[in-house]
Amino acid sequence: MKTALVMGIQASGISAAALLKREGYEVRLYDDRQEIENNWRDRGEDIFAGLDLVVISPSIPGTHPVVAEALARGIRVESEMEFGSKLLTGTKIVVTGTNGKTTTVDMLDKVLKIMGKKARTMGNVGYPVSQVVLDGDQPDYAIIEASSFQLEFCYTLRPKFAVLLNISPDHMDRYARYEDYVNAKKRVFMGQSATDFAVVNWDTKVTRDLTEGLPSTVIRVSAKEQKGDFYLKNNYFYMKGQPLISVRESRAKGEHNRFNMLAVMNVAYRMGATAAELAAFVREYRPLPHRIEYVGTADGVCFYNDSKGTNVGACLSAVDSVGGGIGLIMGGSDKKEDYCDFFVAIYDKVKFVAVTGGNAEKIYSSAMKVGFTDIKITDTLDEAIEVLTHAEGVDTVLFSPASASFDRYKGYAERGEYFKSRVYALKA
């Protein structure tokens with residue numbers, strides 16, 4: 001019997017352990033938290049004795065001492081997504097990028113259902129690939145959201161469609177160099193062949209450059225150039241040179257969402273989607289919560305919840321997507337991003353910034369370095385809302401933290417729900 005070590009005993013680790021057992025492995029569990037039952041971390045035995053495979057959750061970095069030692073001993077290390085995907089039977093569509101992954105996965109699920117296809121979303125979107133395999137009744141189309149953490153230890157993943165939305169500095173608390181993060185994203189293409197498709201953002205050099213030498217067919221997606229099967233012109237989505245549907249009919253606002261829709265249309269078209277089905281997708285798609293989500297209006301001020309905006313790139317997209325005099329709420333758990341260029345970029349767009357959370361001082365200092373002085377540190381999110389609702393020229397309050405949430409919350413959803421609750425209290 002082969003033996004596997006599963007590291008990180010949360011949702012993906014629990015599913016991986018169950019699937020490994022089903023596949024005939026003896027399973028050892030490892031977690032840095034001491035309270036995990038049957039934790040090999042505390043057993044005082046040689047954890048590597050007779051070990052054939054290590055399967056890691058996204059929370060486990062490649063620099064973890066146990067992972068590093070396993071690699072040094074020549075023991076195979078795989079991500080949970082890699083292990084689970086080998087047992088998926090359907091067509092794989094894998095979506096990666098710094099921002100917009102979950103939205104694009106959700107869009108793909110919507111358009112495939114309009115087409116009458118049996119599809120399922122999984123991966124970084126919240127439902128482990130291994131659990132989908134365990135559930136049985138596998139979908140015809142597996143739509144997988146892949147983070148850089150999951151792609152780092154992927155080797156055999158072969159998407160029929162690999163979608164790369166964008167790349168900007170993120171997770172610098174985990175990567176020593178930006179190049180390491182970029183290289184992790186590029187792994188989404190490594191298993192493809194000439195019969196597969198690489199759907200790539202053609203508006204940025206870093207993503208264009210990653211297509212050099214790819215064996216797969218490259219589909220160029222641009223929100224700025226009028227090229228390819230799908231593009232934007234005169235506020236319309238165009239298909240094969242003909243207007244398809246007005247942008248105004250979509251509820252998913254902002255250039256980033258228009259780009260996401262173009263990427264999805266390119267995939268769906270090559271799976272047989274008709275013009276009518278694609279138009280219905282644009283018209284019927286409803287944005288996910290916590291992503292530039294309109295919450296309401298109180299005392300003449302519009303409030304938007306973009307708690308999912310956990311990095312600078314996402315926050316810039318949010319600023320570009322909402323109108324009016326913007327009051328921006330930032331701050332949270334730091335990801336080692338540089339905020340100086342951010343404040344240069346928003347100089348003429350944002351009237352005032354209220355910053356709160358673990359990295360408030362860092363963000364404030366970055367603003368001051370580049371001469372952005374319309375900013376104040378607040379102790380709480382409630383105080384930040386109060387400051388912005390009375391700031392001169394502000395008629396839109398945007399909560400887009402450009403930071404992770406773990407300084408005060410369990411995740412971005414809890415943070416977003418708290419923000420919405422405070423806005424609802426204002427409206428009452």
Side-chain angles (χ1 to χ4, degrees), residues 95 97-101 103-112 114-115 161 163-166 168 197-208 211 217-288 291-294 302 304 306 309 313-326 345-346 348-350 395-396 398 400:
V95 179
T98 303
N99 298 307
K101 296 186 295 296
T103 295
T104 302
V105 161
D106 190 55
M107 287 179 174
L108 283 163
D109 184 61
K110 177 66 175 180
V111 74
L112 284 170
I114 289 173
M115 295 166 64
F161 295 90
V163 182
L164 176 59
L165 299 170
N166 46 62
S168 59
F197 298 91
V199 183
V200 180
N201 185 337
W202 216 248
D203 290 336
T204 62
K205 184 177 185 300
V206 64
T207 47
R208 288 196 304 269
T211 64
T217 299
V218 176
I219 299 172
R220 305 174 180 185
V221 184
S222 173
K224 298 176 181 177
E225 298 182 22
Q226 295 170 9
K227 294 181 179 180
D229 292 322
F230 295 89
Y231 55 85
L232 294 163
K233 180 182 176 181
N234 298 330
N235 231 16
Y236 265 77
F237 288 104
Y238 269 66
M239 173 181 175
K240 306 288 285 186
Q242 297 297 320
L244 176 68
I245 186 172
S246 170
V247 168
R248 295 185 182 91
E249 292 197 48
S250 171
R251 297 194 183 192
K253 305 303 182 184
E255 182 180 293
H256 62 296
N257 273 324
R258 293 192 287 273
F259 175 89
N260 295 340
M261 284 188 159
L262 289 171
V264 168
M265 289 180 197
N266 272 290
V267 173
Y269 173 68
R270 285 160 180 81
M271 286 193 245
T274 65
E277 288 168 337
L278 293 174
F281 153 65
V282 173
R283 191 179 298 111
E284 295 173 15
Y285 181 75
R286 301 292 182 270
L288 292 167
R291 295 158 176 84
I292 321 179
E293 173 190 15
Y294 173 69
C302 295
Y304 288 87
D306 189 47
C315 186
L316 281 172
S317 292
V319 168
D320 288 339
S321 297
V322 300
I326 300 172
I346 69 166
D348 297 323
K349 301 176 183 179
V350 176
D395 51 31
T396 298
L398 171 64
S400 188

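These numbers come from the heavy atoms of this one structure, side chains and all, not from hydrogens, waters or symmetry mates.
A donor-acceptor pair under 3.5 Å links the side-chain atoms of Asp395 to the main chain of Gly325, judged by distance alone. Within the 3.5 Å criterion, the main-chain N or O of Thr204 finds a donor-acceptor partner in the side chain of Thr207. When atom types are taken as modelled, the side chain of Lys253 and the backbone of Ser250 share a donor-acceptor pair closer than 3.5 angstrom. Not a single donor-acceptor pair under 3.5 Å links the side chain of Ser400 to the backbone N or O of Ala318. Distance alone, capped at 3.5 Å, places no donor-acceptor pair between the Asn260 side chain and the Thr104 backbone. Listed for the Thr396 side chain is a donor-acceptor partner under 3.5 Å among the backbone atoms of Gly323. Although no hydrogens or angles enter the test, the distance criterion places no donor-acceptor pair under 3.5 Å between the side chain of Ser222 and the main chain of Trp202. Looking at Asp203, its side chain does come within 3.5 Å of a backbone N or O of Ala223 through a donor-acceptor pair. Using a distance-only test at 3.5 Å, with no hydrogens or angles considered, a donor-acceptor pair links the side chain of Thr211 to the main chain of Arg208. In terms of modelled atom types and a separation under 3.5 Å, the side chain of Lys110 and the main chain of Asp106 share no donor-acceptor contact.
Put simply, CD on Glu293 and CZ on Arg291 are 9.5 Å apart, with the number rounded to the nearest 0.5 Å. In this structure, Arg220 CZ and Tyr231 OH are separated by 16.0 Å, a value rounded to the nearest 0.5 Å. Atom-to-atom distance recorded for Met239:CE and Leu262:CG is 12.5 Å, nearest 0.5 angstrom. A distance of 7.0 Å separates CG in Asn257 from OG in Ser321, rounded to the nearest 0.5 Å. How far CD1 of Ile346 is from SG of Cys315: 7.0 Å, rounded to the nearest 0.5 Å.
For the ring pair (Phe, Tyr, Trp, His ring centres under 6.0 Å) with Phe230, the qualifying choice from Phe237, Tyr236, Tyr269 is Tyr269, the only one to do so. None of Thr103, Val105, Asp109, Val111 except one satisfies the side chain to side chain contact (heavy atoms under 4.5 Å, CB included) rule with Met107; the exception is Thr103.
Not counting sequence neighbours, the partners of Arg283 by the salt bridge (Lys or Arg N to Asp or Glu O under 4.0 Å) test are Glu249. Evaluation of the ring-ring contact (aromatic ring centres under 6.0 Å, His included) rule for Phe161 yields Phe197 as partners, not counting sequence neighbours.
The minimum heavy-atom distance between Val163 and Ala263, with the atom names listed, is CG1-CB, 4.3 Å. Considering all non-hydrogen atoms of both residues, Ser168 and Gly313 come closest at OG-CA, 4.3 Å. Nearest heavy atom pair, residue Ala314 against residue Asp306, reads O-OD2, 4.0 Å.
Relative orientation of the Tyr285 and Phe281 rings is tilted, given thresholds of 30° and 60° on the angle between their planes.
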Q. How far apart are the C-alpha atoms of Leu165 and Asn99, what are their side-chain angles, what is the distance that settles it, and do they pass the side chain to side chain contact (heavy atoms under 4.5 Å, CB included) test?
A. CA-CA 7 Å; Leu165 299 170; Asn99 298 307; over 6 Å; no

(Q) Met271 vs Met115, test: side chain to side chain contact (heavy atoms under 4.5 Å, CB included). Steps then yes/no. (A) CA-CA 9 Å; Met271 286 193 245; Met115 295 166 64; 4.1 Å; yes

Q. After noting the C-alpha distance and the side-chain angles of Ile292 and His256, does the key distance pass the side chain to side chain contact (heavy atoms under 4.5 Å, CB included) rule?
A. CA-CA 11 Å; Ile292 321 179; His256 62 296; 3.2 Å; yes

Q: Apply side chain to side chain contact (heavy atoms under 4.5 Å, CB included) to Arg270 and Ile219, showing your working.
A: CA-CA 11 Å; Arg270 285 160 180 81; Ile219 299 172; 3.3 Å; yes

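Shown here is Arg248, whose CZ atom has no more than 12 heavy atoms of other residues, nucleotides or ligands within 6.0 Å.
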